[in-house]
Amino acid sequence: MKKTISAGLGGRNFSIEVDAYARLEGYLNAYSSSLTQDSKDVMDEVEMRIADLLRENMGGREVVDLDLVEKVVRQVGLPEYDTASDNTSYATDSYGRPVHKYYRDTDDSKIAGVCSGVALYFDVDVTIIRILALVLLICGTAGLWIYLIVCIVAPKAYTSSQKCELRGIPCTAENMRKYPDTKR
């Protein structure tokens, strides 16, 4: 029999074993101390990501144990190490390309971030997409309507995890540090 406690992480409540709580708290403290600026937003994002991963990996369990915490910590990445070598472990499609999720890119937007988001999604140069969009607009085709619909329907990538999903890279601690949250 192991002692459990109730803990809040990323806005969610978990029943967690005491040893697993100590490991997770140590990890979060180490991650927080490795940050230099604007650490609250990054830490909130990391906690939400860990909470999501815990929920996904719990299966039928009701209590988070040490093995699950270790698995999630390995998946998120260690803050003191460069996890760039782990970037090959993300999901790929049948052609070996990374699986992406489409968002409008708020970091490199000229009007609404539609062209920049499309360029990142398809991994092509943003200039080519912008020229293509301009040609479709000038030719009087449905380019304007497509642009407006995508602008209305597609969400913006505000959080670090959304920016990682847009680029098709894993949401590890190192990658989330590369793409900080933007203000809404």
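Residue indices begin at 1 and follow the sequence shown. Basis for what follows: all heavy atoms, side chains included, without hydrogens, waters or symmetry-related copies.
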Passes salt bridge (Lys or Arg N to Asp or Glu O under 4.0 Å), E17 versus K3? Steps please.
CA-CA 6 Å; E17 293 178 355; K3 186 175 182 178; over 6 Å; no
ask   = Hey, any chance L28 and V69 share a hydrophobic cluster, counting ILVMFWY side chains that come within less than 4.5 Å of each other, even indirectly?
value = yes
Quiz item: Should we count CG of D107 as having more than 12 external heavy atoms under 6.0 Å?
Solution: yes
Answer yes or no: is there a donor N or O on one side and an acceptor on the other, between the side chain of R104 and the main chain of G117, under 3.5 Å?
no
The reported gap from CD1 in I111 to OH in Y147 (rounded to nearest 0.5 angstrom) is 4.5 Å
In this structure, CD of E62 is separated from OG1 of T4 (nearest 0.5 Å) by 10.5 Å
Could you go through the salt bridge (Lys or Arg N to Asp or Glu O under 4.0 Å) check for D105 and K163 one step at a time?
CA-CA 8 Å; D105 183 25; K163 292 176 183 183; over 6 Å; no
### Message
Any carboxylate oxygen within less than 4.0 angstrom of a Lys/Arg side-chain nitrogen, looking at K71 and D67?
### Response
no
- Message: If hydrophobic clusters are built from ILVMFWY residues whose side chains come within less than 4.5 Å, do L132 and V126 share one?
- Response: no
- prompt: Are there more than 12 heavy atoms of other residues, nucleotides or ligands under 6.0 Å from atom OH of Y21?
  reply: no
| Is V150 linked to F122 within one hydrophobic cluster, defined over Ile, Leu, Val, Met, Phe, Trp and Tyr using a side-chain heavy-atom separation of less than 4.5 Å? | yes
Distance col, row S15:OG vs D65:CG, nearest 0.5 angstrom, shows 12.5 Å
Across all chains, not counting sequence neighbours, the side chain to side chain contact (heavy atoms under 4.5 Å, CB included) partners of E45 are M48, T159, S160, S161, M176, D181
Tightest non-hydrogen contact, residues A112 and C151, listed as CB-SG, 3.4 Å
Would R167 count as a cation-pi partner of Y103, with NZ or CZ less than 6.0 Å from the six-membered ring centre and within 45° of the ring normal?
no
Check your understanding: Can you hop from I50 to I5 via hydrophobic side chains spaced under 4.5 Å?
Key -> yes
Exactly one candidate in I16, V18, D19 meets side chain to side chain contact (heavy atoms under 4.5 Å, CB included) with L66; the answer is D19
The reported gap from CZ in R61 to CG in L54 (rounded to nearest 0.5 angstrom) is 9.5 Å
### Message
Could you go through F14 and V63, starting from their C-alpha distance and side-chain angles, then the distance that decides it, and tell me whether this counts as side-chain contact (heavy atoms from CB on, under 4.5 Å)?
### Response
CA-CA 7 Å; F14 292 94; V63 177; over 6 Å; no
Query - Path from M58 to L53 over hydrophobic side-chain contacts below 4.5 Å - result: yes
Verdict with supporting geometry, Y102 and V153, side-chain contact (heavy atoms from CB on, under 4.5 Å): CA-CA 11 Å; Y102 180 76; V153 174; over 6 Å; no
Separation between CG (L137) and CD1 (I146), nearest 0.5 Å, reads 11.5 Å
Distance col, row D125:CG vs R130:CZ, nearest 0.5 angstrom, shows 9.0 Å
